[in-house]
Amino acid sequence: MPKPPDARLSGGAPARAWRPSRVLLTRAALGWDHGRRIAERAAALGLIVRELPSDRLTLDLADNPRRAYAEAKATLAVVVAPPSKRRLQPIAPSADWRVDLAEGCPAHCSYCYLAGSLKGPPVTRAYANLPEILAEIPRQLGQGTVTTRQPARAGEGTTYEASCYTDPLAIEHLTGSLSALVAWFGGWKADAQLRFTTKFDAVEPLLGLSHGGRTRMRASINPAAFARHEGGTSPVAARLRALRRMAEAGYPIGLTVAPIIVAAGWEDAYAGLLRDVAIALEGLAPDLTVELITHRYTASSKEVLTGWYPGSDLDMSGNGRAEKRTKFGSVKQVYDASTLSAARRFFEREIADTLPAARLLYFT
Ligand code: SF4
């Protein structure tokens, strides 16, 4: 008898749920039910919960940069998102709009894009004022251009991305925010879709929700050779098992192959990864999309990441790179044109062969 799909995917022990060494609550966060519930969840898990006397987030980090990094990464702060953070921003090509439940992530990926977008110590900040965040979402219904620019997304309606500034599943056991958002979209009878992508596997809280098919989970994946740069995340095989469970629970699903790293052996590694996906989803006919995001960095993200992960051998030397200026004026180091077109051709061919039912949304 053939083995079930997950038995053929090795290396899949689930990651241990994150246990921050302290949970700090600002005074304003305590004024929200959701903030108090996060504190209760943390206390029930035996974590140290400290109520701050004001809305100032006092971190008291060590002077030593290595220790300061470790202390910040081990801190969950529960704060109130100000209006500037609640206002939805366009976020093509992933979605029409960005909706943030938190900022920061407890994992330690040595290419993390947050290093270039978030300033200050890498604390994870969870937002307590969920009702105010939800209230912003309908304002943008019917607005946005991603769906019209990507024909493969016809029928998705207005799309909202919840993974821009955090990995929402990494902290879900502490916040419950993602479950609340999924349920909210499930009950919102609008032509809209929530999306999130994750390098974690703890989907249990989401499986029984009334999601209405209006949330797409994508597993953010890399082959083992490159997933070694993803410290503190769930093993890729466990992420794929979680994706299967979500498909079985009726969610539309997807893959975010990110960041694609074009280094020695990349073609074999990614071909193997796509085969693993096919095995993981065997016997299902899911609504499956694929997003392809190549590795890139800026001068400032490189400086931050090199400070955080001095031992990383991730190539940020500039070899084989070209400069790309963003509309905000910053300069990204992306792969050069010939590397990008080779990667694009490779993935288009391999996805058509290995996952023929998948819809490729974009390559960037
Ligand atoms: Fe950054 Fe995502 Fe890794 Fe978290 S899981 S550290 S957000 S790349």
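Order of listing sets the numbers, starting from 1, for every ligand and every atom in it. What you see is a predicted model; the values in this text were computed from it and never measured.
Protein atoms that are N, O or S and lie under 2.8 Å from atom 1 (Fe) of ligand 1 are these: Cys112 SG.
The backbone N or O of Val78 lies less than 3.5 Å from no partner atom in the side chain of Arg125, so there is not a single donor-acceptor pair.
Hydrophobic clustering of Ile, Leu, Val, Met, Phe, Trp and Tyr side chains at less than 4.5 Å, counting indirect connections, keeps Leu361 apart from Ile351.
Phe346 and Phe363 have their aromatic ring centers separated by at least 6.0 angstrom. Aromatic ring centres of Tyr160 and Phe185: separated by under 6.0 Å. A centroid separation of less than 6.0 Å is found between the aromatic rings of Tyr270 and Phe226.
In this structure Ser300 satisfies the side chain to side chain donor-acceptor pair (under 3.5 Å) test together with Thr298, sequence neighbours excluded.
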